[in-house]
Amino acid sequence: MPKVRGRTIRVLFDAETIAARNLEMAAEIAAAGYRDLLVVSILKGSFVFAADLLRALHDVGLSPEVEFIQLSSYAAGKVSSGKVKLVRDVESDVAGRDVLLIDDILESGRTIAFARDLMEKRGARKVAIAVLLEKPGKLAQPLATDHVGFVCPDLFVVGYGMDAAHAFRGLPFVGVVVERRPRIARAAARGSRARRRDGRSRRGAGGSRRESRARAGYRSRREP
Ligand code: IMP
Ligand code: MG
């Protein structure tokens, strides 16, 4: 498993799998026959997916205009605040146009519903939705998607544009950060490995309870 920023990442969707699916999605989008298409990438999380999907669209003969909108609902944590905020708007007039919203991952659907409603209010002829990942069963309200890359397990994923507190966006794959074992469990595992190596108990090898606590990372109150 790859190690990034000192953390182990379990890969869920690797780069080759994503690239192949992007091409399929591009073909689907081309076949949908959108007219006067404006692609709107929802920042920040979709920037990698949007960049790759746009180049896949080029490969299937589509050259849409591209815009960006920045929405926020997650602050810097892993739990959605439930309220979507418009951080940066598109510059284009969308009235009468077909708009394809691109996002990284669909969870409650609030982010995309906000963007869709905004585009519809401004008179877009049609608003379609493309997401790389969809976590099933999490929608706050019904929402119809048009192009979905993969169904994603109900885990907090990172990479390929998606972040945990702004880290891991540059990974070329989508994965999950493996939880660190608590310090005490790590120390216990170290101790049992050492015991296995010695073929005897560390305490039996002469260590006092105080010494073994110190090895396990405890500090005496008197120590600095
Ligand atoms: P929704 O509004 O609940 O559908 O959340 C969608 C937005 O939350 C996405 O655009 C992502 O930026 C972010 N998000 C949701 N789930 C994850 C995740 O597992 N990892 C990283 N970002 C996520
Ligand atoms: Mg996002």
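Along the sequence shown, residues are numbered consecutively beginning with 1. Each ligand, and each atom within it, is numbered from 1 in the order the structure gives.
Side-chain contact between Ser108 and Leu139: absent, with no pair of heavy atoms (C-beta onward) separated by less than 4.5 Å. Annotation: side chain of Asp103 is not in contact with side chain of Ser41 (no heavy-atom distance under 4.5 Å).
The heavy atom nearest to atom 23 (C) of ligand 1, out of those in Ile105, Leu155, Ile42, is found in Ile105. Between the choices Val157, Val174, Val158, Leu143, the shortest heavy-atom distance to atom 21 (C) of ligand 1 belongs to Val157.
Remark: ligand 1 and Leu106 share no N or O pair separated by less than 3.5 Å (distance only, no angle test). Residue contacts with ligand 1: Gly109 is placed with a nitrogen or oxygen under 3.5 Å of a nitrogen or oxygen of the ligand (distance criterion only).
Remark: ligand 1 atoms within the under-4.0 Å shell around heavy atoms of Lys135 are 16 (N), 17 (C), 18 (C), 19 (O). Applying the 4.0 Å criterion to heavy atoms of Ser108 picks out, from ligand 1, the atoms 1 (P), 2 (O), 3 (O), 4 (O). Every atom of ligand 1 with a heavy atom of Thr111 under 4.0 Å away is listed here by number and element: 1 (P), 2 (O), 5 (O), 6 (C), 7 (C).
Only side-chain heavy atoms of Asp104 come within less than 4.0 Å of ligand 1; its backbone N, CA, C and O stay farther off. By the criterion of a heavy-atom distance under 4.0 Å, the backbone of Asp163, and not its side chain, is placed next to ligand 1.
The shortest separation from a heavy atom of Gly45 to ligand 1 is not under 4.0 Å, leaving the residue out of contact.
Counting only residues at least two apart or in different chains, salt bridge (charged side-chain N to carboxylate O under 4.0 Å, His left out) contacts with residues 4-13 are absent.
For Arg97 (side chain) and Asp36 (main-chain N/O), a donor-acceptor pair under 3.5 Å exists by modelled atom type.
For Glu67, there are no salt bridge (Lys or Arg N to Asp or Glu O under 4.0 Å) partners at least two apart in sequence or on another chain.
The pair Arg21-Asp52 fails the salt-bridge criterion, with no side-chain N (NZ, NE, NH1 or NH2) lying under 4.0 Å from an Asp/Glu carboxylate O. In summary, Arg125 and Asp98 engage in a salt bridge, as defined by a charged side-chain N under 4.0 Å from a carboxylate O.
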